[in-house]
Protein chains: 2
Amino acid sequence: MRKGDATRARILDETARQAALKGFGAVSLNDVAEAVGLSKSGLFKHFESKEAMELVALEQEFDRFVEFVWTPAEALPPGRARLEKIFEGWLDWSEVERAAGGCLIMAASIELDDQPGPLRDLLQKRVRQWRRTLAREMQALRDPPLPDDEVAMAVFQMKSYVLGHNDARRMLEDASARKAARAAFGALLDRLGHG
Amino acid sequence: MRKGDATRARILDETARQAALKGFGAVSLNDVAEAVGLSKSGLFKHFESKEAMELVALEQEFDRFVEFVWTPAEALPPGRARLEKIFEGWLDWSEVERAAGGCLIMAASIELDDQPGPLRDLLQKRVRQWRRTLAREMQALRDPPLPDDEVAMAVFQMKSYVLGHNDARRMLEDASARKAARAAFGALLDRLGHG
DNA sequence: ACAAAAAGTGACCGATCGTGCTCTTTTGGC
DNA sequence: GCCAAAAGAGCACGATCGGTCACTTTTTGT
């Protein structure tokens, strides 16, 4: 069964890649199968349906995100340095990840925000979970900790800058996007720091 | 020929509605035709291809955006009040517009950012144009005007908050999204005001 | 080495995709 | 009211969609 696991992993990779590029709705089983060197029916030995395949691919993408963005930051002590590490890792992720397709999570968030189903449910669950993680890190910035609504506002702004960076970088092709995002986030931390 | 124009307008409306809901790639001529009460082939009397139809629909969506967000603000004198009006109008647009589908422009930006073609070209052109408009308004905030890079940063943050609001509102279903966006933008204007 | 289980193929299904064609109905200018 | 032109219907096309099934090949545990 080890051979099968490797194939399964390649299928999931390719699914995530194509979903980031063209959207989940536009992923074709034929294209995925061809890209991994399988026949279309071969896919069904690993997943019972296209939707099930996409669900696992999205789940795996979140795991990869956590490992890429969170795990390196976890080594640092809670506080500003850790938050900056998270932020930089997040920007890296949306630039580097999946080669040309951009961040699958952001793309899926917009594509699925009005299409009920298991994909949307998973997305909502994990994105909320990530937001709680960010809130916890924000609270570690100050002692005594910030009130909840101020933390929520800070998290809102942090995520906004990541989204803005993605938009500026990918759609506008603005080379200074990262500088702007970094400056905005730094200023946010400054404000929180000596409030 | 007036009858034809009315039908054409309904086709474009429906195309934009479905594109906002499911993405341009997932719009089906059959669905559009059915929704406007036409046969599929009837669509081709108004547009020579699906892509041409989508292109006009997107163009019209930008015109609508300008009228909805910019035109009401234009009545106010340049400065903070006008910028606040723009920002509020922008948030309204992304909440109200197209009923359930969210803002087509944001959705298309993410869907098409890596898919070359006329749709992407149009998108890029109009989004850049809108950004220049915002920059001009930001410059009117101070006398002497802000340096260009500070203006660019302010525009970056403004758009980021709109994107963040959209994400929080639609994906996270966070009822306080608007409050957070408004607070963040107000603070940005404060910083710019007495810099 | 051998059998069982897993992995993968190819043909095929009904549905739907975008699009072209011919034909009929409707509309607007005179 | 007539007539050309515009608007639209209906059908069929080749391609592709997700998915099934019977069959063959490969891998794995023993």
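No experiment lies behind these values; they were computed from the predicted model shown. Sequence lines set the chain letters: A, B, ... in the order given, protein chains first and strands last, and positions in each chain run from 1.
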Q | B:R2 CZ - C:dG29 P separation (whole Å) | A | 8 Å

Q: State whether the distance check finds a donor on one side and an acceptor on the other, under 3.5 Å, for side chain B:S39 versus base D:dG8.
A: no

Q) What nucleotide, of D:dT20, D:dC17, D:dA9, holds the atom closest to the side chain of A:F44? A) D:dT20

Q: Would you classify A:V27 as touching base, sugar-phosphate or nothing, given that sugar-phosphate means primed atoms plus P, OP1 and OP2, and contacts are heavy atoms under 4.0 Å?
A: sugar-phosphate

Q.
In this structure, how many angstroms lie between the P atom of C:dG10 and the CG atom of A:L29, rounded?
A. 17 Å

(Q) Looking at C:dG18, I'd like to know if its phosphate oxygens (OP1 or OP2) sit under 4.0 Å from a side-chain N or O belonging to B:N30. (A) no

Q: Starting at atom CD of B:E34, determine the distance to atom P of D:dA9, rounded to an integer number of angstrom.
A: 12 Å

Q: Quickly, which of A:K22, A:R170, A:R169 forms a salt bridge (charged side-chain N to carboxylate O under 4.0 Å, His left out) with B:D113? Name it, please.
A: A:R170

Q) To the nearest angstrom, how far is B:K3 atom NZ from C:dT25 atom P? A) 15 Å

Q. How close or far is atom P of D:dA15 from atom CG of A:D31, stated in whole angstroms?
A. 16 Å

Q.
Using a distance-only criterion (donor-acceptor N/O pair, under 3.5 Å, no hydrogens), is the base of D:dG18 paired with the side chain of A:K40?
A. yes

(Q) Is it true that, when you exclude A:D148 itself, more than 12 heavy atoms of the residues, nucleotides or ligands shown sit nearer than 6.0 Å to its CG? (A) no

Q.
Could you check whether A:K179 pairs with A:D174 (Lys NZ or Arg NE/NH1/NH2 to Asp/Glu carboxylate O, under 4.0 Å)?
A. no

Q. Any side-chain hydrogen bond (donor to acceptor under 3.5 Å, both in side chains) pairs touching residues 36-50 of chain A, not counting sequence neighbours?
A. A:S39-A:S41

Q: Answer yes if the ring centres of A:Y161 and A:F185 are under 6.0 angstrom apart, and no otherwise.
A: no

Q: Could you pick out which residue, A:S28 or B:I11, lies toward the 5' side of DNA chain D when each is mapped onto its nearest nucleotide?
A: B:I11

(Q) Tell me whether B:S94 contacts the main-chain N or O of B:L91 through its side chain, where contact means a donor paired with an acceptor under 3.5 Å. (A) yes

Q) To the nearest angstrom, how far is B:R8 atom CZ from D:dA6 atom P? A) 14 Å

Q: Identify the residue among A:R132, A:R82, A:R80 that makes a side chain to side chain donor-acceptor pair (under 3.5 Å) with A:E137.
A: A:R82

**Q.** Between D:dG8 (P) and B:L43 (CG): distance, integer Å
**A.** 10 Å

Q: Taking only heavy atoms on the protein side, list every residue of residues 45-55 of chain A lying under 4.0 Å from any atom of DNA chain C, sorted numerically.
A: A:K45, A:H46

Q) Is a donor-acceptor pair below 3.5 Å formed from side chain A:S41 to base C:dG10, judging by atom type as modelled? A) yes

